[in-house]
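Notes follow the structure.
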2 protein chains.
Amino acid sequence: MPKPRSAPRLADVALRAGVSIATASRALARREGVSEAVAAHVREVALRMGYVANIHARTLAGGATSTVGLIVHEIGDPYFAEIASGVIGVASQRGFSVQICHSGRDPAGELHQIRTLIAHRTDAIVVAGSGYTEPAMQAESNALLTAFQETGGRVAVIGRHHIAADAVRPDNEAAGAAAAAHLLTLGHRRIGVISGPPVLTTVADRLAGVEKALAAHGLTLDDVPVLPTDFTRNGGHSGAERLLAEHPDLTALIALNDLMAIGVLSVLRARGIAVPQQMSVAGVDDVAVAADLAPSLTTVRLPMTEMGELALTMALKPPSARRRRKNTGHELIVRDSTGPVPPVR
Amino acid sequence: MPKPRSAPRLADVALRAGVSIATASRALARREGVSEAVAAHVREVALRMGYVANIHARTLAGGATSTVGLIVHEIGDPYFAEIASGVIGVASQRGFSVQICHSGRDPAGELHQIRTLIAHRTDAIVVAGSGYTEPAMQAESNALLTAFQETGGRVAVIGRHHIAADAVRPDNEAAGAAAAAHLLTLGHRRIGVISGPPVLTTVADRLAGVEKALAAHGLTLDDVPVLPTDFTRNGGHSGAERLLAEHPDLTALIALNDLMAIGVLSVLRARGIAVPQQMSVAGVDDVAVAADLAPSLTTVRLPMTEMGELALTMALKPPSARRRRKNTGHELIVRDSTGPVPPVR
DNA sequence: ATGAAAGCGCTAACAC
DNA sequence: GTGTTAGCGCTTTCAT
């Protein structure tokens with residue numbers, strides 16, 4: 001095993017190129033103040049030596065960090081993968097690296113990741129996971145992030161968080177309402193709601209939207225079964241099984257995200273319940289695969305990739321006196337998983 | 001807007017705690033050489049001040065970065081999202097942060113990201129995108145990564161790369177063979193292959209597997225239509241349309257990854273071609289959603305999450321004299337998208 | 001057990 | 001146009 005000699009430094013390059021480190025630095029940063037001939041030579045030497053500037057030294061010396069942090073619940077979840085894709089896109093276009101962490105849908109995990117990101121002195125932090133309905137659960141995160149911002153750090157959150165920072169606000173309530181209204185308009189009244197952990201603001205808001213739509217038709221959330229479960233494919237799966245067993249008369253199911261809707265559809269298929277002839281199903285998010293399910297999933301589109309792009313773009317702007325807030329749009333996408341109420345047998 | 005005063009430094013903590021920065025450093029790093037009383041006091045002060053050590057200074061002074069880099073083609077692709085999930089899991093468990101970059105399936109992009117990661121002096125780099133069949137396309141990446149390893153950096157790649165480093169080798173050839181053999185065993189002979197960019201080793205290897213399976217049945221790749229297209233859902237979509245138009249007698253389609261298979265299924269559904277009654281479809285990867293498509297997708301499972309875990313685990317091991325190589329398993333998962341050859345009309 | 005001081009590799013004044 | 005030098009905030013000898 002070769003003894004780990006250290007990587008070439010600026011001084012090595014300068015020496016080999018026969019110039020001072022200042023000149024070398026200028027040449028490599030393509031700053032002015034160096035004759036083109038010398039600059040080219042320095043770059044050539046650096047290339048040959050495989051020189052890559054040490055970001056830490058550069059940062060410490062006052063240059064920009066050029067890294068941003070992104071906190072998601074779990075990158076394997078397509079909702080977050082799409083957001084991450086948007087964040088990375090903007091980041092790389094503007095010369096930033098992105099550090100991704102899992103909060104694991106847990107306030108303590110979130111706090112831990114925030115701490116890590118702050119230690120890394122990232123220029124900005126984007127918190128993409130859902131917020132929590134209970135302000136206390138994010139009090140420490142908020143304190144940390146506030147301090148971070150006071151020392152020049154930038155922060156943007158996606159969703160409704162109890163964090164004082166710029167925010168991209170997905171149209172969760174409207175999305176939930178749109179999904180429910182669609183079903184109600186089709187004539188459904190016996191609608192089961194497969195919900196997520198009530199502590200998540202995303203869940204609470206989407207549920208509030210459903211409630212609002214119900215109200216427009218003279219119903220309340222007490223008139224329909226609401227089952228809180230995991231905000232995942234398997235949550236949707238088990239939720240559907242339970243709801244179907246306890247409420248055999250349902251004609252429609254709303255899953256509060258597409259992942260759960262996928263689980264719901266799998267239960268229906270396994271039981272031979274025809275969608276949408278016997279049961280309508282709607283989701284929220286419009287993950288990429290929603291259009292390719294069979295039946296294709298009726299859902300409410302939230303522009304995830306764009307949300308990621310927007311969040312980082314906001315975070316990279318110079319800070320404003322008051323917190324910026326940007327609402328996303330939403331769009332009901334009617335596909336094949338929803339239809340009119342089946343005739344009573 | 002609050003004037004960005006800078007974050008508290010070690011010196012600030014030391015001053016407030018009434019000790020030298022050396023003592024403060026020791027106390028915070030829980031190193032020995034400080035009386036427990038003083039140490040506790042320092043920590044207490046640091047906590048109150050919201051002190052978080054500057055990673056850059058720490059790294060520069062000789063500490064480890066505790067950051068690893070991960071290069072994927074595109075995080076929105078579930079194949080890579082699942083690998084990333086594995087990498088992040090192991091990383092966070094061992095106290096590392098992970099920096100994720102997009103190569104964009106382009107050797108130049110890959111090179112650029114490698115450079116970035118080296119500049120960040122990450123402790124390890126995991127290259128997860130496919131390698132290229134043309135060694136020259138990765139020559140520079142290899143040079144950079146070799147130098148990186150000589151200076152103590154660790155590297156692991158996933159796939160067949162022309163990079164001298166530890167490697168996790170997905171069973172691509174065997175997977176391609178398994179998919180094709182399955183179809184051949186069912187009696188299919190008019191099999192269309194929807195392939196990806198031939199420069200990717202992943203594509204070349206899977207295709208080689210298909211060829212091998214064909215050979216076992218007395219066929220060659222010249223006997224079946226092979227259409228190279230994008231390695232994405234849309235590539236699969238357009239590929240299927242073209243193959244169907246040009247070869248109306250096909251009874252089965254192999255897509256060289258699941259994403260393409262999803263695109264294939266969507267074409268078939270749109271055209272009212274029954275799967276598997278009129279056309280069998282097989283993919284490779286077994287992304288999470290494959291089981292929930294309708295018909296559920298017959299595919300060959302590659303353990304993506306585990307591959308990510310494995311790769312980082314290898315990279316974090318002390319380097320060995322010779323390059324380690326770890327082959328993944330693969331498993332044919334027969335679901336509903338494949339069936340016997342339809343009777344000739 | 002504690003402190004003083006020498007770097008780590010770079011950027012940015014400031015000189016020439 | 002090019003070189004000198006003083007830090008950036010930390011870890012780590014080496015003294016005390």
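Nothing here was measured: the structure is a model prediction, and the numbers come from that model. Just so it is clear: chains get the letters A, B, ... in the order the sequence lines come, proteins before strands, and each one is counted from 1.
Under the 4.5 Å side-chain criterion, counting only non-hydrogen atoms from C-beta, A:Met307 is in contact with A:Tyr79. Within the 4.5 Å cutoff, side-chain heavy atoms of A:Tyr51 are placed close to those of A:Leu10. Considering only heavy atoms from C-beta on, A:Ser66 comes within 4.5 Å of A:Ile55 through its side chain. The shortest distance between side-chain heavy atoms of B:Cys101 and B:Thr116 does not fall below 4.5 Å.
Listed candidates were C:dT11, C:dT2, D:dG9. Nearest to the side chain of A:Ser25 is C:dT11. Comparing C:dA12, C:dA4, D:dT11 against the side chain of B:Arg31 picks out D:dT11 as the nearest. If you check C:dA4, D:dT5, C:dG9 against the side chain of B:Ser20, the one that comes closest is C:dA4. For B:Thr23, the side-chain atoms get nearest to C:dG3 when compared with the rest of D:dC10, D:dG3, C:dG3. Side chain of B:Asn54, nearest nucleotide from C:dC10, D:dG9, D:dT2: D:dG9. With D:dT12, C:dA12, D:dT2 as the candidates, the nucleotide lying closest to the side chain of A:Val34 is D:dT2. Looking at the side chain of A:Ser35, the nearest of the listed nucleotides D:dT2, C:dA12, C:dA4 is D:dT2. Proximity note for A:Leu60 (side chain, C-beta onward) versus D:dC8, D:dT2, C:dC10: the nearest is D:dC8.
Spacing between atom CG of B:Asp12 and atom P of D:dC8 amounts to 11 Å, rounded to whole angstrom units. Here the C1' atom of nucleotide C:dC10 and the NE2 atom of B:His120 are 14 Å apart, to the nearest Å. We find that NE2 of A:His56 is positioned 12 Å from P of C:dC10, with the value rounded to whole Å. Rounded to whole angstrom, the span from the CG atom of A:Leu28 across to the P atom of C:dT11 amounts to 8 Å. As a whole-Å value, the separation of A:Leu15 CG from C:dG9 P is 14 Å. Following rounding to the nearest Å, A:Ile21 (CD1) and D:dC8 (C1') show an atom-to-atom distance of 14 Å. Rounded to an integer number of Å, the gap from B:Leu10 CG to C:dC8 C1' is 16 Å.
For C:dG3, its base sits under 3.5 Å from the side chain of B:Arg26 at one donor and acceptor pair at least.
In this structure, A:Ala53 reaches the sugar-phosphate backbone alone: every heavy-atom distance under 4.0 Å involves primed, P, OP1 or OP2 atoms, never a base.
Distances shown here put every side-chain N or O of B:Tyr51 at or beyond 4.0 Å from the OP1 or OP2 atom of D:dG9. OP1 and OP2 of C:dC10 both lie 4.0 Å or more from every side-chain N or O belonging to A:Arg58.
Each of A:Arg9 and A:Ala22 was matched to the nucleotide of DNA chain C holding its nearest heavy atom; the match closer to the 5' end belongs to A:Arg9.
Side-chain contact of B:Ser25 with B:Arg31: a donor-acceptor pair under 3.5 Å is present, judged by distance alone.
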